[in-house]
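Keep in mind that what you see is a predicted model, and the values were worked out from it rather than measured. We name chains A, B, ... by the order of the sequence lines, and we start the count at 1 in each one.
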Protein chains: 2
Amino acid sequence: MAQKVKLSTIAETLGVSTATVSLALRDSPLVALSTRDRIKEQARALGYIYNRRAASLRTSRSGIIGVVVHDIMNPFYGEILKSIESELDRDRQTFILSNHYDSVEKQRNFIETLLQLGGDGVIMSPAIGTPPEDILLAEDNGMPAILIARSIDGLDVPIFRGDDTYGISLATNHLIGLGHRVIAMVGGTDQTSTGRDRYQGYVNALRKANIEVDPALRIPGPRSKQGGFEAAVNFLSLPQKPTAAVCWNDLVAIGLMNGIARAGLVPGRDVSVTGYDDLEEASIATPSLTTVWNGQSEVGRSAARALLDKLSGSHEPDGIHLIKPEMRIRQSTGPLRHNGHDH
Amino acid sequence: MAQKVKLSTIAETLGVSTATVSLALRDSPLVALSTRDRIKEQARALGYIYNRRAASLRTSRSGIIGVVVHDIMNPFYGEILKSIESELDRDRQTFILSNHYDSVEKQRNFIETLLQLGGDGVIMSPAIGTPPEDILLAEDNGMPAILIARSIDGLDVPIFRGDDTYGISLATNHLIGLGHRVIAMVGGTDQTSTGRDRYQGYVNALRKANIEVDPALRIPGPRSKQGGFEAAVNFLSLPQKPTAAVCWNDLVAIGLMNGIARAGLVPGRDVSVTGYDDLEEASIATPSLTTVWNGQSEVGRSAARALLDKLSGSHEPDGIHLIKPEMRIRQSTGPLRHNGHDH
DNA sequence: ATAGTTTAAATAAACGATTTAAACGACCTG
DNA sequence: CAGGTCGTTTAAATCGTTTATTTAAACTAT
């Protein structure tokens, strides 16, 4: 490796000061145009590489933004991340990604690392049980946080997420409209705000239609394809013989449909299934999945935008921002058939 | 935000020098044990946050490792990333992730950013058409690179990947063993080393079984679930009426099966389908997918390990490292049925 | 010509850590 | 008691930028 090229290398070979070089490379009008060109040309010729840690030590702006979610391999977060990425790219910000797998400790480690690196801000979907202090740690050290997808009680930090209560009621109403009366809810957990909101939305819809809410029709837990697949056994052996399932998300729904198919029943005909999120995959599943679009791209885009705005001081995006979900009707739901699915 | 706490803050409140504090916090035996304890306690009490950019400016080691792949949302890379993550975590290295979506330019930007941040090393699955210079840019600036999954010709950099030629021949042989003679190959591209290797493996297996290779049985292109789904139409209208398909990867295979099912045929009975990679999803697909395990976890783990070893100077992992793939037989393949799949 | 402006470049002090050589005191030892 | 050793601490240089302040040169206007 050749000797490292720095500002002073350029300065010396050109007989100017490092200050001039620094200014010139950032196109400051304080430097004469001709000098600027000469300097830039020389920088290129020498293969100069800007040292951001030296710069940020001085300026205390690193251009680094952290993003931490439950699991980046989960396509729901994947779609959010994609839109965050494209928004941050536009502003030439580097983003550091991490999973917390719902471990508060792993999440705290990440925040600490980010602080050490001088991160400018952080976008996060907080781990289950995140204490407000962990977020305050970031804020108190000058690193603003924006929440996505999940809320934390007792914390005044901007948050962007879908309107879960409303969204799940859309799905439930759709099934009720098709004549279903025994509707199970598969997956999710009461430990997150999202989990509580979705269950509430389901309950609300049933009540409004004068259908009695039977807690035994709730199969909590599953949040993945694998989970939905395994829940099928459980679902099919419910004594109430549900004719439809409102699932926690698309993954659970697809897994559940696979499980149902494995048992010899036809999802969409014998049992109606709804998903949630409207992942790309929903439309190519067999049968294609009736689901609720949860505004992933919108959530990611606005959260990133909000953070950038906050950093540039243009305005404070405080409070909660709800994205309105939309129904997507496909083949996995159909009218109630009176012969049911006796097996 | 309270006044920022730095080494000198601790030093002053304790009446020692910053040198002592620096040494103490890193547990140097040069500092008396009692002093060390006093200092660490004070650091905690004041909420001191280590400033890595200041440190790395001096030491030129940042603790940052870059990882760039085609698309982190692709579960194949996801599984690799997961094992890289856990290996790097163990060494308390921060990793910065990026997609290049096969854009050489995006990839170069990433490498440049990483250099600016003083990245210690980079693990990458190079974009299609990556010129060797782009990798050398990293190496020449003291940032060693390790390749995964894809090779680049004319470059002497360690690489870890599955043995594609061998792996795909396993799948092809499996189908031949079941009696199939008209076997299509769906997906992939000749633009990557992987693509060429897999096609070669397929051709080799057919030749060895004295089956004529018909180039028209190759449907190149698809690499995603969506792609496989769309390729089904194409596949089903081939005049040769193939009874089996060797797919580029699990995603294509699952998409293809969905497409086949949509056309009223039963994958695994009317048409045999093999995948490649053995993603978690393969076993819960309907029907469960016969596929080839491609050693993702192994690739990720060893690549990360190799980089860490190289950084610590313990040893150079030069050359190519091939992971041996293994067959996973499930429900999506079955013996040739002589009534075929006329439709 | 002279004072006053403008423009261009240079000087030097940060930023917050690490590290090396030197200082210091206490404690031997012959 | 001069000199050496050992354990602990520190002063000062350094890493590569940015930026406020100075300085120098070049115009302008009177």
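- By the salt bridge (Lys or Arg N to Asp or Glu O under 4.0 Å) test, A:R61 pairs with A:D120, sequence neighbours left out.
- Nucleotide D:dG16 holds its P atom 17 Å from the CZ atom of A:R26, rounded to whole Å.
- Distance CZ (A:R61) to P (C:dC15): 19 Å, rounded to an integer number of Å.
- Bending across the helix from C:dA1-D:dT30 to C:dG30-D:dC1, expressed as the angle between its end axes from five pairs apiece, amounts to 60° (10° rounding).
- Between the C1' atom of C:dG16 and the CD1 atom of B:I10 lies a distance of 12 Å, rounded to the nearest Å.
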Tabulate below the donor-acceptor pairs under 3.5 Å that side-chain atoms of residues 68-79 of chain B make, not counting sequence neighbours, or state none.
residue : atom : partner : partner atom : Å
B:H70   : NE2  : B:D102  : OD2          : 3.4
B:D71   : OD1  : B:M73   : N            : 2.9
B:N74   : OD1  : B:F76   : N            : 2.8
B:Y77   : OH   : B:S125  : OG           : 3.2
B:E79   : OE1  : B:Q296  : NE2          : 3.0
B:E79   : OE2  : B:E280  : N            : 3.1

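- There is no side-chain donor-acceptor pair under 3.5 Å between B:R52 and A:T113.
- Listed by first and then second residue, the salt bridge (charged side-chain N to carboxylate O under 4.0 Å, His left out) pairs that reach into residues 15-26 of chain B come to none, sequence neighbours excluded.
- Counted by atom type alone, B:S151 and B:R161 present one or more donor-acceptor pairs between their side chains at under 3.5 Å.
- For A:Q191, the side chain to side chain contact (heavy atoms under 4.5 Å, CB included) partners two or more places apart in sequence, or in a different chain, are A:I128, A:T189.
- Rounding to whole angstrom units, CD of residue B:E12 and C1' of C:dG16 are separated by 13 Å.
- When rounded to the nearest whole Å, the span between CG of A:L115 and P of C:dG16 equals 15 Å.
- Put simply, CD on A:Q116 is 15 Å from P on C:dG16, counting in whole angstrom units.
- Nearer the 5' end of DNA chain D, as judged by each residue's closest nucleotide, is the contact made by B:P29, out of B:P29 and A:T59.
- The only option from A:V67, A:I152, A:I111, A:I146 that meets the side-chain contact (heavy atoms from CB on, under 4.5 Å) definition with A:M124 turns out to be A:I111.
- Residues from residues 40-57 of chain A that place a heavy atom under 4.0 Å from any atom of DNA chain D, listed by number: A:Y48, A:I49, A:Y50, A:N51, A:A54, A:A55.
- One can place CG of A:L117 at 21 Å from P of C:dC15, the figure rounded to the nearest angstrom.
- Between the side chains of A:R301 and A:S83, not a single donor N or O lies within less than 3.5 Å of an accepting N or O.
- B:K106 pairs by the salt bridge (Lys or Arg N to Asp or Glu O under 4.0 Å) definition with A:E85, A:D89, not counting sequence neighbours.
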Which donor-acceptor pairs under 3.5 Å do the side chains of residues 41-49 of chain B make with protein atoms, sequence neighbours left out?
residue : atom : partner : partner atom : Å
B:E41   : OE1  : B:R44   : NH1          : 3.2
B:Q42   : NE2  : B:T13   : OG1          : 2.7

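- In this model, no donor atom of one side chain and acceptor atom of the other lie less than 3.5 Å apart for A:S56 and A:T59.
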Query raised in the report: Reading nucleotides 9-14 of chain D from the 5' end, what letters show protein touch, with B for base, S for backbone sugar-phosphate only, - for no heavy atom under 4.0 Å?
Result: BBB-BB

Could you run down the sub-3.5 Å N/O contacts of the protein with nucleotides 22-24 of chain C?
none

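- By the salt bridge (Lys or Arg N to Asp or Glu O under 4.0 Å) test, A:E112 is found to be paired with no residue, residues two or more places apart in sequence or in another chain being considered.
- In terms of the salt bridge (Lys or Arg N to Asp or Glu O under 4.0 Å) criterion, residue partners of B:E87 (sequence neighbours excluded) are, by chain and number, B:R90, B:R305.
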